[in-house]
Amino acid sequence: MTEKWRVRESKRVTPEKKDVWASWTVRSTASDGREVWTRVDVSREAMNRLERGDVADATRQALRTQGRSPVEAAVKQGDDPPARIVCTPTGCKARA
C-alpha cells in the first residue's frame with residue numbers, strides 16, 4: 001500500500017548557494033507518524049525571468065505557496081516527499 005503523505009507547513013530558510021533566490025523547508029507527515037522535511041530552492045534566474053512572465057507555472061506556484069506546491073505535486077503522484085526540489089524558469093524537479 002502506498003503511504004499517504006500530507007504537506008503541513010513551510011518555513012523560509014537562508015539559501016545555501018548564491019544562485020538561489022529563495023529557499024523553504026517544507027514538512028510532510030505520513031499516516032504512520034513519520035515526518036520528512038523537503039528543501040525547496042527557487043533559482044535567481046527564475047526570479048529574474050518572472051517579471052517578463054517567462055517562467056513555468058510550477059515555479060510561479062512554488063513562490064505563491066512558499067514552496068509547498070511542488071512537494072504536494074510529488075506526494076499526489078504517490079511518491080515519498082523528495083529531500084530537495086529545485087525550481088528554475090522551466091519548472092520544479094526533485095534533486096538528490
Inset, instruction - Determine, using the 4.5 Å side-chain heavy-atom cutoff (strictly less than), whether Val20 and Val42 are members of one ILVMFWY cluster. - result: no
Inset, instruction - Kindly work out whether a path of hydrophobic side-chain contacts (I/L/V/M/F/W/Y, heavy atoms less than 4.5 Å apart) joins Val40 to Val75. - result: yes
Nearest-0.5 Å distance that lies between atom [atom1] in [X] and atom [atom2] in [Y]:
X: Glu72; Y: Gln61; atom1: CD; atom2: CD; answer: 9.5 Å
X: Arg6; Y: Glu35; atom1: CZ; atom2: CD; answer: 14.0 Å
X: Ser23; Y: Lys11; atom1: OG; atom2: NZ; answer: 15.0 Å
X: Leu50; Y: Arg60; atom1: CG; atom2: CZ; answer: 5.5 Å
X: Asp41; Y: Arg95; atom1: CG; atom2: CZ; answer: 10.0 Å
X: Arg64; Y: Asp57; atom1: CZ; atom2: CG; answer: 8.0 Å

What's the shortest heavy-atom distance between [X] and [Y], and which atoms?
X: Ala58; Y: Ser69; value: O-OG, 4.3 Å
X: Ala56; Y: Gly91; value: CB-N, 3.6 Å
X: Arg49; Y: Asp54; value: NH2-OD2, 2.9 Å
X: Cys87; Y: Ala46; value: O-CB, 4.3 Å
X: Lys18; Y: Arg44; value: O-NE, 2.7 Å

Inset, instruction - Answer whether the closest heavy-atom distance between the side chains of Trp21 and Leu63 falls below 4.5 Å. - result: yes
Legend entry - Any side-chain heavy-atom pair of Ser43 and Thr88 under 4.5 Å: yes
Inset, instruction - Please confirm whether the backbone N or O of Pro89 pairs with a side-chain atom of Thr59, one donor and one acceptor, at under 3.5 Å? - result: no
Legend entry - For Ser10, side chain to side chain contact (heavy atoms under 4.5 Å, CB included) partners two or more places apart: Trp24, Val26, Gln66, Arg68
Legend entry - Under-4.0 Å salt bridge between Arg34 and Asp32: yes
Inset, instruction - Sort and list the pairs that fulfil disulfide bond (SG atoms under 2.5 Å apart) and have at least one residue in residues 50-83, not counting sequence neighbours. - result: none
Legend entry - cation_pi(Arg8, Trp37) dist<6.0 Å, angle<=45: no
